[in-house]
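Please read the structure below before turning to the comments.
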Amino acid sequence: MIHAENLTKRFKETLAVDDLSLDVAEGEVFGFLGPNGAGKTTTVRMLASLIAPTQGTAKVAGFILGRQDTDIRRTVGVLTETPGMYDNLSAEYNLRIFAELCEVKDVPGQIEKYLKMLGLWERRFDAAGTFSKGMKQKLAIARALLHEPRILFLDEPTAGLDPESAHLVREFIIELKKQGRTIFLCTHNLDEADHLCDRVGVFKTRLLVVDTPAKLRSSVFGRKVIFHLRVADDGMAEYVRKLAFVRDVKVVENKLVITLDDPEKCNPEVTRVLVAAGADIQFVGELRHSLEDVYLQLVKSA
Amino acid sequence: MNKIKTIIRKEWAEVFRNRMVIFTVAFLPLLMTAIPLGIIYSTRGTVSGTSNAINNQLPSGVTQSMCPSGLSGSDCFQVFMVSEFMMLFMLVPVAIPVTIAAYSIVGEKTTRSLEPLLATPITTAELLIGKCLAAVIPAILATYAAFGIFALGSWMIVANKVLLSALLDARWLIAIFLVGPLLALLAVVFSLMISSRVNDPRVAEQISMIIILPVLGGFFGQVAGLFVLNKQIISIVAVVMLALDVLMVYLATRVFQREQILTRWK
Ligand SMILES: Nc1ncnc2c1ncn2[C@@H]1O[C@H](COP(=O)(O)OP(=O)(O)OP(=O)(O)O)[C@@H](O)[C@H]1O
Ligand SMILES: [Mg+2]
């Protein structure tokens with residue numbers, strides 16, 4: 001659905017996006033992570049044909065960037081970083097303008113559908129300027145969806161929302177995914193990315209890694225298993241360390257933290273060795289790294 | 001075409017909420033109509049029979065260019081006085097689009113609504129045409145309306161048919177129907193260019209009002225007797241305006257590219 005090759009964007013001295021090559025499949029939710037100023041918004045603007053790349057090419061929904069820009073804009077929906085509503089006009093009128101510009105067939109029908117879906121129907125005649133930040137954000141999401149785009153670019157959809165609204169927006173994204181839409185999601189919320197995205201890319205001017213959240217965890221940290229023992233000491237650790245598949249063992253209080261590649265296969269063997277050595281195993285668990293740990297590790301080393 | 005209409009309706013819905021804009025669009029034409037009508041009314045049928053004395057005081061060329069034979073000296077004086085104000089009347093098609101465009105562009109910038117707008121399938125040309133028309137149409141309508149009131153008012157005040165047709169002669173018609181729209185277009189493109197570079201609608205308006213200076217200059221030059229506004233001069237002005245318009249629109253298409261609008265209009 002989205003295919004980018006060597007996309008580069010330079011603003012005078014600033015290199016905002018450097019040599020980005022990327023593929024996003026149809027129906028996929030792709031998380032685009034990166035620190036402030038990483039070039040995420042710039043990437044979205046290029047892919048949505050709002051600004052032209054300095055170098056490189058891209059195809060969006062099969063349309064060639066730079067040559068079929070109007071077709072691209074017709075196919076994609078963009079939730080911009082700032083909602084950008086006409087504050088003096090009503091919510092309904094704001095949507096009507098965009099529905100007309102996006103060549104929507106049933107303008108009132110689509111407006112009603114999305115205002116109701118996002119819980120703004122009752123407030124449709126109020127000026128958008130009187131809306132709270134979260135309501136504006138929801139209105140902007142409705143606006144991005146009016147023409148039923150197959151591809152959605154969401155630039156920080158839950159930024160500044162209260163937990164309940166953020167939850168609602170995330171549920172909404174899951175719903176959109178179920179409908180088979182392709183979603184390009186820029187976010188700073190790593191739990192959100194972990195929860196919603198099929199794959200994530202960590203980006204800081206260049207693309208550092210792309211993978212599923214699970215694979216990223218294991219590739220960055222390996223997988224870790226924790227054995228809680230009645231008494232853990234270096235002697236116990238030594239028995240485990242002798243096993244060929246164990247990459248690392250640490251003693252933390254009464255726990256052994258063991259790094260290995262395939263816990264499902266290796267844990268029984270580790271258990272046997274520990275029991276034979278006289279350990280009292282209380283319970284066993286996996287140490288899960290949050291995507292945040294992975295992200296911080298990647299961005300720090302970039 | 002439909003998208004241009006959408007933009008125009010949206011602009012009007014936004015911009016006519018602003019008091020400054022309403023004031024300019026409604027009050028200025030009324031003022032510019034009231035002044036010449038007041039002159040006609042207050043000087044009507046006064047001095048008679050002293051034609052030569054008055055005619056001698058008018059700048060040379062006035063009598064030939066705007067007073068048909070058969071008009072008395074005082075009638076001719078009226079015609080002259082009113083035509084002095086034709087220049088001021090031209091402020092209407094200049095000031096209105098400048099004000100509307102200034103508020104419309106700077107408004108887009110403060111609400112940051114340009115980016116979502118540019119993300120729709122609208123072409124840059126449609127967007128700019130919509131914005132220009134939204135400013136030019138009210139200007140032209142206000143000019144016509146003001147001229148209509150002026151014509152109607154003169155018809156009611158002036159009994160002499162010869163005088164009436166001298167007051168509302170071809171010079172006015174060229175000015176209102178040709179120079180006016182051309183001026184309005186020139187003013188709006190100029191204002192778009194200024195507004196895209198500043199962040200306060202009032203500043204944008206004030207800078208854009210520079211374009212009024214030539215009009216005012218013409219007015220004072222005429223009052224000072226430097227030239228007489230005859231048909232030839234007005235026609236020349238119309239041709240120059242047309243050339244300037246073509247030049248400005250060409251420049252605008254070079255300056256206003258989608259990416260420029262998005263990244264430079266800040
Ligand atoms: N119009 C512009 N002119 C000049 N530089 C720009 C422009 N837009 C973006 N940049 C620069 O490009 C870089 C990337 O900016 P961008 O907005 O894409 O970052 P981001 O990843 O979206 O950041 P954030 O998480 O804060 O939203 C920054 O250094 C920024 O200053
Ligand atoms: Mg951003």
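All values below were derived from every heavy atom in this structure, side-chain atoms included, with hydrogens, water molecules and symmetry-related copies excluded. Every chain is numbered from 1 and lettered A, B, ... according to where its sequence line falls, protein lines coming before strand lines.
- Note: B:N2 CG to A:E100 CD = 8.0 Å, rounded to the nearest 0.5 Å.
- Proximity to chain A (any heavy atom under 4.5 Å) is shown, for B:Q260, by neither the backbone nor the side chain.
- Proximity to chain B (any heavy atom under 4.5 Å) is restricted, for A:Y93, to the side chain, taken from C-beta onward.
- Of the two parts of B:L118, the backbone and the side chain both hold a non-hydrogen atom closer than 4.5 Å to a non-hydrogen atom of chain A.
- Around NZ of A:K59, the count of heavy atoms belonging to other residues, nucleotides or ligands within 6.0 Å does not exceed 12.
- The neighbour count for B:Y250 OH, taken as heavy atoms of other residues, nucleotides or ligands under 6.0 Å away, does not exceed 12.
- Other residues, nucleotides and ligands contribute only 12 or fewer heavy atoms inside 6.0 Å of the CZ atom of B:R202.
- Taken to the nearest 0.5 Å, the OG1 atom of A:T82 stands 6.5 Å off from the CD atom of B:E115.
- The CG atom of A:L50 sits 11.0 Å away from atom CD1 of B:I261, with the distance rounded to the nearest 0.5 Å.
- For B:Y144, the OH atom sits in a packed shell: over 12 heavy atoms of surrounding residues, nucleotides or ligands are nearer than 6.0 Å.
- The distance from the CD atom of B:E126 to the CG atom of A:L101 is 8.5 Å, given to the nearest 0.5 Å.
- Separation of atoms CZ (A:R96) and NZ (B:K10) is listed at 14.0 Å; rounding is to 0.5 Å.
- Shortest non-hydrogen contact noted between A:T70 and B:P121 is CG2-O, 3.5 Å.
- Between atom OH of residue A:Y86 and atom CG of residue B:L117 there is a gap of 4.0 Å, rounded to the nearest 0.5 Å.
- Scanning all heavy atoms of the two residues, the minimum distance from A:D87 to B:E14 falls at N-OE2, 4.4 Å.
- Remark: side-chain polar atoms of B:E259 are paired, donor with acceptor, to backbone N or O of A:A52 under 3.5 angstrom.
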Q. B:T120 and A:R73: side chain to side chain contact (heavy atoms under 4.5 Å, CB included), yes or no, with the steps?
A. CA-CA 6 Å; B:T120 68; A:R73 284 186 214 117; over 6 Å; no
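- Residue B:T263 touches chain A through its side chain alone, counting heavy-atom pairs closer than 4.5 Å.
- Considering only heavy-atom pairs separated by less than 4.5 Å from chain A, the leading option among B:T111, B:I122, B:I7, B:T123 is B:T111.
- Applying the 6.0 Å contact sphere to CZ of A:R199 captures more than 12 heavy atoms from other residues, nucleotides or ligands.
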(Q) With side chain to side chain contact (heavy atoms under 4.5 Å, CB included) as the criterion, how do B:R9 and A:I97 come out once you've worked through the C-alpha distance, each side chain's angles and the decisive distance to 0.1 Å? (A) CA-CA 9 Å; B:R9 268 192 285 121; A:I97 295 165; over 6 Å; no
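- Looking at A:E103, the atoms closer than 4.5 Å to chain B (heavy atoms on both sides) all sit in the side chain, from C-beta outward.
- Considering every non-hydrogen atom in both B:P116 and A:P83, the closest pair reads CG-O, 4.0 Å.
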